[in-house]
Amino acid sequence: MTAFVPASALDRETVLVIGLGLMGASVAAGLKAVGFGGRVLASDRREADVQTGLSMGIIDGSGPLDELIPQATLVVIAVPVLAIESVLEAMAPLWRDDLVVTDVGSTKQAVRQSVARVFGYIPPNMILGHPIAGSERSGVTAAQAGLFERHKVIVTPEADSCRSALARVHALWQRLGADVLEMGVERHDDVLARTSHLPHLLAFSLVDTLARQDERLDIFRYAAGGFRDFTRIAGSDPVMWRDVFRANKTAVLGALDEFEQGVSRLRQAIEADDDDAMLGAFSRASHARHYFETLLNQASYQSMEQRNITYRASAGGHVQGRIRVPGDKSMSHRSIMLGALADGVTEVDGFLEGEDSLATLQAFREMGVVIEGPHDGRVVIHGVGMHGLQAPAGALYVGNSGTAMRLFAGLLAGQAFDTELTGDASLTRRPMGRVVDPLRLMGAHIEASEGDRPPLRIKGGQVLQRLDYDLPMASAQVKSCILLAGMYAEGETRVREPAPTRDHTERMLNGFGYPVERSGNEARLAGGGRMTGGPIDVPADISSAAFFLVAASITPGADLVLEHVGVNPTRTGVIAILQAMGADLRLENEREVGGEPVADIHVRYAPLKGVDIDPNQVPLAIDEFPVLFIAAANAEGKTRLRGAEELRVKESDRIQAMADGMAVLGIEHTVLEDGIDIVGGQYGGGTVDSLGDHRIAMAFSVAALCASEAITIHDCANVATSFPDFLSLSASIGMRVQAEEA
């Protein structure tokens with residue numbers, strides 16, 4: 001019988017949590033939430049997670065294990081099962097008989113074997129355990145203080161386990177609201193293989209199977225609640241489940257054999273129209289499920305469905321605070337692409353978890369690349385090398401991303417297999433001739449819809465030739481497409497641009513060890529090289545920061561700091577233009593991270609004046625012009641833009657879309673083929689249409705700060721493609737924008 005430990009005794013414990021993933025962080029958070037009187041310490045191989053835990057207030061201290069173990073009285077090992085042995089090896093020299101140690105691994109035989117290998121026996125104060133709780137989310141920020149409430153925790157003590165140690169483990173989990181059960185190790189693994197591991201295996205398999213089919217877009221779009229509920233667990237951490245299946249291999253395979261036999265029987269029943277056999281199986285399952293539900297009662301990949309989202313931006317508001325916008329979308333795309341083609345592992349921090357970037361990530365998974373994450377902006381890519389991609393089962397869907405479409409075209413032109421690139425309705429209206437034409441000159445075989453619009457069908461196995469190419473207009477996407485194709489071409493490819501454009505591709509290729517040379521307006525590389533994986537830190541996206549730079553510049557009393565923003569000189573046109581207009585904007589804490597310059601941008605309100613925008617700044621601010629138009633509408637005098645015909649072929653015709661919206665608000669303007677004149681002054685509210693263009697939607701949201709009436713903005717669902725946290729960050733600094741779904 002397990003001894004009883006009073007709460008007052010537990011409050012004298014110093015609990016050390018090793019591993020601040022979901023489980024470990026939830027233990028710490030749960031103890032804090034229930035008023036635990038002792039100390040909670042933590043150790044994790046990622047210092048950033050430790051710092052996050054400290055900032056969240058769920059741990060009291062941290063440090064290396066050799067400093068923490070002597071302070072601890074109860075240790076919870078919350079690392080993946082296959083990593084537990086290395087933790088035990090580090091703990092072994094510091095082991096004490098009065099130290100109680102438990103774990104949260106879901107396969108106990110593998111953990112027990114690790115303990116035996118490290119110590120030669122199972123120490124009596126080592127009490128193996130497994131909380132039957134979890135979430136599809138992972139990491140320290142996914143911590144749930146109530147994760148274990150009304151859930152079971154199974155402990156698997158040995159015959160000679162210390163009874164007081166076992167009682168202290170019981171007390172820990174009971175304090176967190178769990179129901180603690182005891183079970184043998186073998187029995188535990190056998191039960192969990194059937195009730196947890198097998199369902200996860202089947203969910204992963206089903207979703208993976210359907211995701212490989214040509215018609216998967218319709219399958220997922222029209223799937224009903226049953227599919228959603230059954231496959232929800234397929235969103236769980238792939239690395240953790242890989243380790244689980246390796247660690248519990250025998251029991252899982254046994255459970256899988258039984259399941260396959262059951263499926264075989266049902267198949268035979270269906271083939272034979274055996275109503276009795278089918279009804280018998282379904283009835284048994286139905287009753288068993290109702291029983292399971294009774295027992296439970298006693299004790300949310302991107303949606304491809306087009307939604308109708310409307311923003312309602314109330315007039316007025318303020319802009320104050322310190323924020324960090326999401327990671328740079330251009331770099332997020334490129335980090336996945338180049339990391340997939342590199343040899344070795346690439347770890348990306350700051351990855352933008354927007355729908356466009358996630359579509360790029362998923363496309364490479366469909367081409368056989370193993371990718372972990374994303375989790376809190378962190379992605380781990382297991383590169384397959386320059387020629388390691390595999391043919392996808394169907395078309396590659398890149399959502400709303402013109403960047404992905406154009407860069408993929410260059411990469412895929414040199415592959416040995418056929419591919420098709422498609423996207424959402426907005427993307428399929430956008431012309432791709434500017435990348436298709438030079439690729440065809442290199443020998444690529446590409447078919448497209450009328451007007452060289454997507455989908456693009458790329459014939460594999462073509463021998464690409466070097467290209468010496470002058471861009472007809474400045475475009476980083478076209479330049480990057482040609483350079484990426486040039487990696488697969490014979491000879492040296494050269495691209496010259498009429499004006500500077502963002503150079504993330506060149507910088508990142510060099511960072512991966514693929515030499516790109518630049519001289520003047522020319523970039524060149526030789527085909528046949530290779531890349532090596534490594535760490536990438538993605539700065540905050542200046543295109544996303546631009547909305548708040550303008551918001552602070554036009555709002556009286558504003559004072560805002562945007563942290564860790566990428567200030568690559570090929571991207572800072574928006575800063576130069578705002579400063580020319582008189583904005584009180586300065587860079588602070590300037591530094592370089594992974595070859596990219598970053599800084600904190602401090603901006604205060606200052607009266608703006610109209611300017612003639614320097615044509616040399618146009619390609620350096622091409623994505624920021626929608627919100628710069630709003631800055632112009634709030635400036636004294638006239639702002640003139642020329643040489644910006646590129647804006648006509650973005651997600652929408654951004655010149656005309658902004659002009660139409662400004663007309664509704666009463667902003668004086670004159671549209672030209674390659675630009676616009678805008679006269680600043682007071683303006684009102686009204687209803688505008690973003691035409692599904694995320695930057696148009698966000699620009700008019702900023703405009704509401706100085707409008708006399710509210711602005712309603714239709715067709716805003718695509719904001720999630722580039723800036724999924726726009727509304728929450730806007731609210732945090734004092735803007736008043738709300739979303740409504742029709």
Side-chain angles (χ1 to χ4, degrees), residues 329-338 340-341 356-357 359-360 363-364 367 386 389 396 398-415 419-423 427 430-448 452-460 462 464-489 491-509 512 514 516 518 521-527 529 531 570 619 622-623 646 649-650:
K329 185 166 71 166
S330 297
M331 292 183 63
S332 293
H333 281 301
R334 288 162 172 82
S335 68
I336 297 297
M337 293 178 177
L338 301 188
L341 296 173
D356 280 359
S357 305
T360 292
F364 276 98
M367 290 187 288
M386 292 291 294
L389 296 179
L396 296 176
V398 297
N400 186 246
S401 177
T403 300
M405 177 70 72
R406 294 187 174 101
L407 269 61
F408 264 121
L411 282 177
L412 296 174
Q415 302 303 320
T419 46
E420 180 177 331
L421 287 169
T422 189
L427 185 60
R430 297 172 64 180
M432 295 293 153
R434 287 182 300 145
V435 294
V436 169
D437 290 343
L439 289 176
R440 286 171 176 160
L441 290 175
M442 299 178 76
H445 188 282
I446 303 176
E447 297 178 357
D452 279 333
R453 287 175 167 78
L456 303 181
R457 290 168 289 278
I458 303 170
K459 182 72 174 176
Q462 308 303 304
L464 301 185
Q465 303 298 322
R466 63 174 294 278
L467 183 65
D468 197 313
Y469 194 71
D470 292 300
L471 293 175
M473 68 173 61
S475 171
Q477 293 178 4
V478 179
K479 175 182 65 174
S480 296
C481 170
I482 296 169
L483 290 175
L484 295 177
M487 297 193 300
Y488 292 92
E492 185 177 71
T493 292
R494 299 170 179 247
V495 184
R496 286 173 294 277
E497 50 191 357
T501 64
R502 60 188 64 177
D503 62 356
H504 299 308
T505 299
E506 298 98 302
R507 287 175 182 259
M508 199 175 288
L509 279 170
F512 275 100
Y514 200 116
V516 181
R518 285 198 63 92
N521 67 339
E522 182 181 86
R524 58 185 180 273
L525 57 72
M531 293 183 285
T570 64
I622 196 68
D623 283 333
E646 170 78 358
V649 290
K650 288 291 187 178

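Since the model is a prediction, treat every value here as computed from it, not as a measurement. Residues: numbered from 1 along the sequence shown.
With respect to Asp623 and Lys329, no salt bridge is recorded, no charged nitrogen being found less than 4.0 Å from a carboxylate O.
Side-chain contact check for Arg334 and Ser480: at least one donor-acceptor pair (N or O, by modelled atom type) lies under 3.5 Å. At a cut-off of 3.5 Å, with distance as the only test, no side-chain donor of Ser357 or Ser332 sits close to an acceptor on the other residue.
The stretch residues 472-488 participates, sequence neighbours left out, in these salt bridge (Lys or Arg N to Asp or Glu O under 4.0 Å) pairs: Lys479-Glu497, Lys479-Glu506.
In terms of the side chain to side chain donor-acceptor pair (under 3.5 Å) criterion, residue partners of Arg507 (sequence neighbours excluded) are, by chain and number, Asp503. With sequence neighbours excluded, no residue forms a ring pair (Phe, Tyr, Trp, His ring centres under 6.0 Å) with Phe512. Residues satisfying the side chain to side chain contact (heavy atoms under 4.5 Å, CB included) test with Glu420, not counting sequence neighbours, are Ala395, Pro455, Arg457. Glu646 pairs by the side chain to side chain donor-acceptor pair (under 3.5 Å) definition with Arg434, not counting sequence neighbours. Residues that satisfy the side chain to side chain donor-acceptor pair (under 3.5 Å) test with Asp470, not counting sequence neighbours, are Arg496.
Considering all non-hydrogen atoms of both residues, Leu439 and Ala413 come closest at CD2-CB, 4.4 Å. Heavy atoms only, all atoms of each residue included: Arg518 and Ala523 are closest at NH1-CB, 3.7 Å. Arg502 and Thr570 make their closest contact through CA-OG1, 2.8 Å (heavy atoms, listed as atom of the first residue, atom of the second, distance).
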